[in-house]
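Worksheet: one structure, shown below.
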Amino acid sequence: SLGVPRLKPFPVYASDVWLYRVARETVAVVEPYYYVQPGLHTTMMVNALDNQLGAFAPEVVVLQVGIVDASPRALSEIERKVIARLPGFVQRLTHAFVRKSYARLITTRKITYVSPERFAANLDRIKQVFAPARFVVVPIGVPNEGYRRKNPLIEQNVARYNGLLAEAFGPDLLTDIFEGDVERFYTPDHHHLSAEGHAAVAASVVRRLNGLTGAGAWT
């Protein structure tokens, strides 16, 4: 979902999004295909592998996943779906309670949409389906101060899931993106990439793709 242009809650236009920046800068050597879905986590991606995604048959996969998997939640996916079917006033009361008790619920319930074990298994499955493609993997962004205040477990979860990405992809994981002062990389909601954040991701991906091209990885 971090590759989706958006107007709300804070605008990031398509011309600034890292996917399209990469396409513009590598047009001479890369024919891009996109699979972008808001709210995507790796279990959802794995469920699409045997049909739609498997049909891409890429030579190189540029992968950005993990924040939806790793982010601590006040409610599980099933609970959210059940609440969405309840009468409107019940939904409003539930959402008000969750907003008021958000940090406490996160800390005590320790819910994620995808467990670390499932995340690791999903990554293995993604690698298996796309083999022998090369991978270029964007890590989960280091959370800024506002995100850490809002979500007390986000920093440790991001570190843990990035560790699983490193175990799965080794040197194919880009480690030069979220360095230094990360505040400028995010919109004011603390988790979507700003134009500067997209530029940083794009620059790192382009460097890696240019390196693969120079090494004769594809023509």
I need the minimum non-hydrogen distance between L164 and A120, along with the two atoms involved. CD2-CB, 4.3 Å
Shared hydrophobic cluster for M45 and V60 (ILVMFWY, side-chain gaps under 4.5 Å): yes
Treating Ile, Leu, Val, Met, Phe, Trp and Tyr as nodes and any side-chain heavy-atom pair under 4.5 angstrom as an edge, say whether F10 and F185 lie in one connected cluster. no
Which atom of I154 lies closest to which atom of R148, heavy atoms considered: CG2-CA, 3.9 Å
Side chains of L53 and V129: closer than 4.5 Å at any heavy-atom pair? no
A quick test of your reading: do over 12 heavy atoms of other residues, nucleotides or ligands sit less than 6.0 Å from CZ of R160? no
Please indicate whether R80 has more than 12 foreign heavy atoms, meaning atoms of other residues, nucleotides or ligands, lying under 6.0 Å from its CZ. no
Quick one: CD1 on I78 to CD1 on I83, what's the gap to the nearest 0.5 Å? 12.0 Å
Going from CD on E196 to CD on E183, what distance comes out if it is rounded to the nearest 0.5 angstrom? 11.5 Å
With heavy-atom distances below 4.5 Å as the criterion, would you say the side chains of V98 and E79 are in contact? no
Just verifying a value: how many Å separate L123 CG and T42 OG1, rounded to the nearest 0.5 Å? 6.0 Å
Sub-4.5 Å side-chain heavy-atom contact between D50 and R125: yes
Distance, nearest 0.5 Å, that separates CG of L193 from CZ of R6: 9.0 Å
Should we say atom OH of Y13 is surrounded by more than 12 heavy atoms from elsewhere, each under 6.0 Å from it? no
Nearest heavy-atom contact between K127 and A168 is NZ-O, 2.6 Å
Tell me, with the steps shown, if Y161 and F119 meet ring-ring contact (aromatic ring centres under 6.0 Å, His included). CA-CA 8 Å; Y161 283 66; F119 184 65; 5.0 Å; yes
Around D181, counting heavy atoms of other residues, nucleotides and ligands shown, do more than 12 lie under 6.0 Å from its CG? yes
Going hydrophobic residue to hydrophobic residue with side-chain gaps under 4.5 angstrom, can you get from V138 over to F56? yes
Do P58 and F130 come close enough that some side-chain heavy atom pair is under 4.5 Å? yes
State the OH-CZ distance between Y147 and R149, to the nearest 0.5 angstrom. 14.0 Å
Single-linkage hydrophobic cluster Y186~L153, side-chain heavy atoms < 4.5 angstrom: no
Is the closest side-chain heavy-atom distance between V68 and L40 below 4.5 Å? no
Between Y34 and Y20, does a ring-ring contact (aromatic ring centres under 6.0 Å, His included) hold up when you go through it step by step? CA-CA 10 Å; Y34 303 114; Y20 306 109; 5.2 Å; yes
Are N162 and F178 side-chain neighbours, meaning at least one heavy-atom pair lies under 4.5 Å? no
Answer yes or no: is there an ion pair linking E77 with K81, defined by an N-O contact shorter than 4.0 Å? no
Check whether any side-chain heavy atom of V22 lies under 4.5 Å from a side-chain heavy atom of P32, and answer yes or no. no
Charged N to carboxylate O under 4.0 angstrom, K8 versus D189? no
Just how far is it from atom CZ of R92 to atom CG of L86, taken to the nearest 0.5 Å? 12.0 Å
Spell out, yes or no, whether V4 and Y113 are grouped together once hydrophobic residues are joined by side-chain heavy atoms under 4.5 Å, including indirect joins. yes
